[in-house]
Amino acid sequence: MKIAIIGGGPAGLYAAILLKKQRPGADIAVYERNRADDTFGFGVVFSDATLDNFEKHDLPSYQRITQEFAYWDDIAVHFRGTVHRVGGNGFCGCSRRTLLMILQERVRELGVTMQFEVDIDNEELFEGADLILLSDGINSRFRDKHIDHFQPEVDLRANKFAWMGSTKPLDAFTFIFQETEWGPFIAHAYQYEAGHSTWIFETDPVTFEKAGLTGLDERQSADRMKEIFGWFLGDHPLLTNRSMWRNFPMIRNKRWVKDNMVLLGDAKSTAHFSIGSGTKLAMEDAIALADAMQRAPNIPAALDLYENGRREEVEKTQHAADVSLVWFEHLDRFWDFDPVQFAFGVMTRSKAITYDNLTLRAPDFVTEVDKAFARQVRAKGFDVDVDKPLAPMFQPLKLREMAIANRAVLSPMCMYSAEEGVPGDFHLVHYGSRAIGGAGLLFTEMTCVSRDARITPGCAGLWNDAQEAAWKRIVDFVHANSKAKFALQLGHAGRKGASKLMWDGMDRPLEQGGWEIVSASPLPYFPDSQVPRELDRAAMDAIKADFVAAAQRGDACGFDMLELHCAHGYLLASFISPLTNKRTDAYGGSLENRLRFPLEVFAAMRAAWPAHKPMSVRISATDWAEGGITGDDAVMIARAFAEAGVDLVDVSTGQTVREAEPVYGRMFQTPFSDQVRNEADVATMCVGNITTADQVNTILAAGRADLVALGRPHLVDPAFTLKAAAWYGADMFCPPQYLPGKEQIFRNSVRERQDFEELKTKAKPKTRAELKAEAAKPLAAE
């Protein structure tokens, strides 16, 4: 077998090592355009888990790498005169040049040919090769040559960064957030060998311009950074090596394989330096390719196995990197945070580290996080303990005169189980059991303001006396048997109305028994859906009156809070989104115009709803479709509703158009809540694939939302919040009929949590930093 590898970076060299070990008789050659000892940048960083992978796949190179590494366990966050250190991280740093020399030496040992200073731009030179690896970096010639096939997407990020070095010793992975007269600068720094550390400087484009960095050469840039960070660097210089300021390119490719050619490393995908995974991704690409070659019967099958098997893991890493880089791009959202909350946000920014995880690794730090959160709650007028505070999930919140005992919310979820809009026994059990189960706030499903406002024949409504009586029965039960507050969500289906029940075909039009539907514009949801009638002024006034009448009925029922549904492509959302609003009158065109009718409805409801009771609005913060609502639009929408008197923005996303392409994942909608909360300066509730109390605490402690709504976890476990309270030692109300069960779970949870934490601690292998420290200790005298 003949294998040509274009690019002698970590991906290409490690692939050569692993493939030669598999096939000692193979003719493998590496071609590199630079000299053997050329390298750009300074250090690379790996986690302990990555090194475990290296140890498994090639022990000799692993042993040489780990002999050269600098190890550390802590992350240190410097912000506004404070330093917060968080241990238990397990990182290792190494000189990039040293890593390349080690891999080159190993390649030579195995008999792989290496050719340096060879500039190759035509794969036809390897016409006889069975396999060609394209590992020629971010600016891959071969990827760009076959751009129509690989279909790369390059997202050039806004922030500027420069990669420098120093002789400054560091004992932790160090983040420094430095305020200057021009704006904030960030230093990402770590030691990679004795006497040498990597320093990546980052700033936003406005600060970059104000600081006069445009046009400076490497030395001048380094001098400017030394002025800014000199208080930390001391007498240690900043070193340069092609350390020019640039924008980071996030690279993805629709295809990784063409014939017998395959992309590896940065040519295939990049991950932002803030999570330190670029070299990790490259070398793990090599591992995945070698594993595929070992398992598959032939090269085409191996390449197919590599791409299909590796893509999900790469995309997960890239998603984490995306979330992380966005956090750094929007520092202004968090700059006024309490320093400990800011540090917690740094640690949890990519969702890989959570509240519970940090509690195990850095309990003192999490205690400080809890205290900071409790101080914020006390400042709002609650008499809470700030010395031994409860977890954020169990801190109270006040909206107008409504006080909520905890931050866990039953998300509004359509049950499609009403008869002519009347909620029945199913609804009584559904809401009653979740209230007894401890949720601080319950939301009704979208309750329709008229018969023709329904999504399906099974939707609940509040337009007649029978419905009002049925809802009052449920509200009275919740108030009599729990401490939960109850919010009524009102909405109108718009163009998504007259649809089948969810389990019969979500949003599919009824084949019989339908009714006329309306919308901002006459655009059907599906091609075969009913074409909605475009609302005229008279119809808009009638619908507004329906909302007001339903709000008044809701007050009569005793609901504590009222929410207006302006999301998910329903009637009011169809006015807001440019994808569904094609009007040419005063209610179409600009965002200000598109918001006009929803704001009219809200204002009318607010006037009819008691002043002491809060109101919220649910919005789709993105349409997940080109030309639709974006996160920046969501901030403007939230501000408009806040000016109209909204107390809480319920931040959801999508469901506006059927061609939407949402990006799912854990807590996938939370970043939009984060943006709305911290840019529009309004309280938010987040929702969307949030499944654990740990995630709830992580979101709240980091300041990404004020309330957290959970849907599916509540569907399968009505006592979700009560169980979480037992786990975190937060006492809560329980009706007397259920007290024996509560007492038992609270007793058992103390022991179960101790056992769990001990098990997790024992099961966690010691980091290499810990092992190195133990090995360095002198033996005790006998």
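When reading the values below, keep in mind they use all heavy atoms of this one structure, side chains included, and skip hydrogens, waters and symmetry mates. Everything numeric here is computed off the predicted structure, so don't read it as measured data.
In this structure, K742 forms a cation-pi arrangement with F746, its terminal cationic atom sitting closer than 6.0 Å to the ring centre and no more than 45° off the ring axis.
At a threshold of 4.5 Å between non-hydrogen side-chain atoms, the residues M685 and D706 do not count as touching. Side chains of K613 and M402 form no contact here, defined as non-hydrogen atoms less than 4.5 Å apart. Using a 4.5 Å heavy-atom threshold, the side chains of F575 and R594 count as separate.
Using modelled atom types, one side-chain atom of R753 and one backbone atom of W727 make a donor-acceptor pair closer than 3.5 Å. Proximity of a side-chain donor or acceptor of Q395 to a complementary backbone N or O of L390 within less than 3.5 Å is detected. Checking side-chain atoms of S620 against main-chain N and O of G654 turns up a donor-acceptor pair under 3.5 Å. N697 places a side-chain N or O within donor-acceptor distance of the main-chain N or O of M393, the cut-off being under 3.5 Å. Put simply, the side chain of W609 gets close to the backbone of P614: a donor and an acceptor are under 3.5 Å apart.
Heavy atoms of other residues, nucleotides or ligands lying less than 6.0 angstrom from CG of D385 number more than 12. The neighbour count for R712 CZ, taken as heavy atoms of other residues, nucleotides or ligands under 6.0 Å away, does not exceed 12.
When all heavy atoms are compared, the tightest approach of G491 to H565 is CA-CB, 4.0 Å.
The aromatic rings of W471 and H427 sit perpendicular, their planes meeting at an angle over 60°, well past the 30° parallel limit. Using a 30° and 60° split on the angle between ring planes, F486 and Y431 fall in the tilted class, from 30° to 60°.
Looking at H479 and K485, their side chains never bring a donor and an acceptor atom within 3.5 Å of each other. Residues Q178 and H78 bring no donor and acceptor atom of their side chains to less than 3.5 Å of each other.
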| task | Could you walk me through whether H84 and T82 pass side chain to side chain contact (heavy atoms under 4.5 Å, CB included), step by step? | result | CA-CA 7 Å; H84 291 93; T82 67; 3.6 Å; yes

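For F334 and F342, the ring centers sit 6.0 Å or farther from each other.
One finds no salt bridge joining E179 and R80 here, because no Lys/Arg side-chain nitrogen approaches an Asp/Glu carboxylate oxygen to under 4.0 Å.
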